[in-house]
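What follows is one structure encoded as structure tokens, with my remarks underneath.
In what follows, every heavy atom counts, from backbone to side chain, and hydrogens, waters and symmetry copies are set aside. Everything numeric in this text was worked out from a predicted model, so none of it was measured.
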Amino acid sequence: FSNTLVYNSVIANCREEAALLWLGGNHEFYHTTIGNFYDFDKRESPAVAFNNYNRTTNKTYDFNAIFGNCIIDGNLDNEFYPDLRTNSEVVAGFLFDHCMIKLAKDFDVSNQNIFKDLVPYQDSLFLNTYIGNFHLDSASAAINKGSTIYSNLIPFDQDKIDRTTDTKPDLGAYEYTE
């Protein structure tokens, strides 16, 4: 069980999951880019995965996660795997608000209580993932798709660019600049 606060971060190019939230906890991710384009070996794990139970004992734990103005991308067809169990003793839920997530085509994102204002996924988001440059490409669909709720919490990006000067901030750790 852990508590996590991640903001203005790039978590990238990991051999396995880039964000593995295991055995419950409270997790907050704001203006975070998770891009798992690991090319040095075959990767089968999604960029983001979480669960709230011990597979040996079947004990369940409370789980809460929020992702605001985030990008989850990678070279797999599906980069998100939730594995939550609920019962009368635990609370388990998550929210992706103003995020772009690379998901399998049949992944159900219809629940607006979980997937709020999800931005449809498009390729070519970043300048050069191979060398770890996760700045947004000029044609990126993540530009101007964020919520000011999160940009007001985290007003400057990783390069110290002010997100609040734009009425619609960009998703991820970097605000696009020409």
Side-chain angles (χ1 to χ4, degrees), residues 1-39 41-123 125-126 129 132 134 142 145-147 149-150 153-154 158 171-174:
F1 190 88
S2 63
N3 296 310
T4 310
L5 174 60
V6 179
Y7 59 91
N8 255 1
S9 297
V10 176
I11 306 169
N13 298 339
C14 305
R15 186 171 188 276
E16 298 294 332
E17 297 90 349
L20 178 61
L21 311 176
W22 225 236
L23 298 177
N26 297 300
H27 310 281
E28 298 175 69
F29 290 78
Y30 304 112
H31 281 287
T32 297
T33 298
I34 300 173
N36 208 354
F37 295 90
Y38 185 84
D39 283 331
D41 198 0
K42 185 174 177 166
R43 181 175 70 87
E44 297 179 5
S45 303
V48 174
F50 43 73
N51 87 355
N52 69 328
Y53 64 93
N54 183 309
R55 292 181 180 188
T56 304
T57 65
N58 285 322
K59 180 171 173 47
T60 55
Y61 304 92
D62 289 341
F63 180 91
N64 182 53
I66 181 170
F67 291 77
N69 287 0
C70 294
I71 298 171
I72 299 172
D73 197 2
N75 52 12
L76 298 181
D77 291 335
N78 185 54
E79 292 292 354
F80 173 56
Y81 179 71
D83 186 14
L84 300 177
R85 294 182 181 172
T86 58
N87 61 44
S88 61
E89 298 173 11
V90 300
V91 175
F94 59 92
L95 170 66
F96 287 94
D97 185 8
H98 288 83
C99 293
M100 181 182 292
I101 311 167
K102 186 175 184 184
L103 298 168
K105 296 197 183 313
D106 62 346
F107 199 102
D108 183 9
V109 294
S110 63
N111 186 339
Q112 284 289 303
N113 294 319
I114 296 173
F115 299 103
K116 181 180 175 191
D117 295 311
L118 204 62
V119 177
Y121 177 81
Q122 291 181 7
D123 282 329
L125 294 173
F126 309 110
T129 60
F134 286 86
K145 295 297 192 315
S147 167
I149 292 170
Y150 306 111
L153 287 173
I154 316 295
Q158 262 201 7
L171 304 180
Y174 298 106

Inset, instruction - For residues Arg85 and Asn52, determine if any side-chain heavy atom of one lies less than 4.5 Å from a side-chain heavy atom of the other. - result: yes

Legend entry - Side chain Lys102, main chain Gly74, donor-acceptor under 3.5 Å: yes

Legend entry - Least distance between heavy atoms, Glu79 atom then Leu76 atom: OE2-N, 2.8 Å

Legend entry - Spacing of Thr60 atom OG1 and Tyr53 atom OH [to the nearest 0.5 Å]: 11.0 Å

Inset, instruction - Return the orientation label for the Tyr150 and Tyr30 ring planes: parallel under 30°, perpendicular over 60°, tilted otherwise. - result: parallel

Legend entry - Gln158 side chain to Asn8 backbone, donor-acceptor under 3.5 Å: yes

Legend entry - Straight-line distance of Lys42 NZ to Arg15 CZ, nearest 0.5 Å: 11.5 Å

Inset, instruction - Please indicate whether Phe115 has more than 12 foreign heavy atoms, meaning atoms of other residues, nucleotides or ligands, lying under 6.0 Å from its CZ. - result: yes

Legend entry - Shortest non-hydrogen contact from Ile34 toward Ala47: CG2-CB, 3.9 Å

Inset, instruction - To the nearest 0.5 angstrom, please state how far the CG atom of Asn113 sits from the CZ atom of Phe94. - result: 11.0 Å

Inset, instruction - Answer yes or no: is there a donor N or O on one side and an acceptor on the other, between the side chain of Asp97 and the main chain of Gly68, under 3.5 Å? - result: no

Legend entry - Ring-ring centroid check Phe50 Phe80, cutoff 6.0 Å: yes

Inset, instruction - Tell me whether the guanidinium CZ or amine NZ of Arg43 lies under 6.0 angstrom from the six-membered ring centre of Tyr38 and within 45° of its axis. - result: no

Inset, instruction - Determine whether Ile71 and Phe126 make a side-chain contact, defined as any pair of heavy atoms from C-beta on separated by less than 4.5 Å. - result: yes

Legend entry - Glu16 backbone acceptor or donor facing Asn36 side chain under 3.5 Å: yes

Legend entry - Student check: side-chain heavy atoms of Phe96 and Ile72 closer than 4.5 Å: yes

Legend entry - Identified side chain to side chain contact (heavy atoms under 4.5 Å, CB included) counterpart of Phe63 within the set Leu21, Val91, Leu23: Leu21

Legend entry - Whether over 12 other heavy atoms sit under 6.0 Å from Asp83 CG: yes

Legend entry - Any side-chain heavy-atom pair of Leu118 and Cys99 under 4.5 Å: yes

Legend entry - N/O donor-acceptor pair under 3.5 Å between His31 side chain and Gly172 backbone: yes

Legend entry - Glu89 side, atom CD; Lys59 side, atom NZ - distance, nearest 0.5 Å: 7.5 Å

Legend entry - Derivation of the side chain to side chain contact (heavy atoms under 4.5 Å, CB included) call for Tyr7 and Leu153: CA-CA 10 Å; Tyr7 59 91; Leu153 287 173; over 6 Å; no

Legend entry - Atom pair CG/CG of Asp62 and Leu84 - distance to nearest 0.5 Å: 11.0 Å

Legend entry - Minimal non-hydrogen separation, Met100 against Pro120, with atom names: CE-O, 3.5 Å

Legend entry - Side-chain H-bond candidate by donor/acceptor type, Tyr121 with Asp73, under 3.5 Å: yes

Legend entry - Ser9 to Ala173 - nearest heavy-atom pair and separation: O-CB, 3.5 Å

Legend entry - More than 12 heavy atoms of other groups within 6.0 Å of Gln112 CD: yes

Legend entry - Minimum heavy-atom distance between Pro46 and Asn78, given as atom pair plus value: CB-O, 3.8 Å

Inset, instruction - With rounding to the nearest 0.5 Å, note down the distance linking CG in Asn26 to CD1 in Ile66. - result: 11.5 Å

